[in-house]
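Keep in mind that what you see is a predicted model, and the values were worked out from it rather than measured. Counting convention: from 1, in listed order, for ligands and their atoms alike. Count residues from 1 along the sequence.
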Amino acid sequence: MPPDDELTADLANIMPLYLQLRSRGGVLPLEDAEDQAAEEHTETITERRRYRLHRSVERDSSASRKAKKVHGYICQGCRFDFETVYGPAGREYIEAHHLTPLAELPEDTPVSLDPREDFAVLCANCHRMMHRKDGPRTLAEIRALARVGAVQAFHSRLRGPER
Ligand SMILES: [Zn+2]
Ligand SMILES: [Zn+2]
């Protein structure tokens, strides 16, 4: 063991860093540039923290895993099916989206994590749209936006001749 005063000095050095890290929303890095861009739309540290909580709930929680089992693997916005388009690589791939915009709730509001009621499953594109500032916020809205015709056009292009 190092002498006590050395430990005390180390602790004194670490504490401010630790507090800074906590105030920034934790140790997990944001996954990608889109998340960082979305986060820039949050106005306060509280909103930012809640946004990160939102994304970590969607990515890692047992509730989000259960939501995928409950809702299945076809996008509830545009009906995109990863397995149909990507084959085995797309099997059981979907993203869970928590339907309550946590960043807009007052802090310390209890957040419900019911896999059936509080989550939807979305393809990556629809999920991005749901997180855009001024984007759709409900399943009804994203469905209306992802019009059937647009999706059919996309799929018929996919089936088209190879270039
Ligand atoms: Zn979709
Ligand atoms: Zn989401």
Using 30° and 60° as the class boundaries, would you call the ring planes of H131 and H97 parallel, tilted or perpendicular? perpendicular
May I ask you to decide if the ring planes of Y86 and F82 are parallel, tilted or perpendicular, using 30° and 60° as cut-offs? parallel
Would you name the N/O/S atom of H131 that lies closest to the Zn ion (ligand 2)? NE2
Search all heavy atoms of F119 against all heavy atoms of A67 and return the closest pair with its distance. CB-CB, 3.4 Å
Metal-centred angle, SG of C126 through the Zn ion (ligand 1) to SG of C123, rounded to 10 degrees: 110°
Examine the side chains of E58 and H127 and answer whether a donor and an acceptor come within less than 3.5 Å of each other. yes
As a test of reading the structure, name the N/O/S atom of H97 that is nearest the Zn ion (ligand 2). ND1
Short question: side chain of Q76, backbone of V121 - any donor-acceptor pair under 3.5 Å? yes
OE2 (E58) to the Zn ion (ligand 2) to NE2 (H127) angle, given to the nearest 10 degrees: 120°
Row for the Zn ion (ligand 1): angle SG (C75) to SG (C78), 10° precision, value 110°
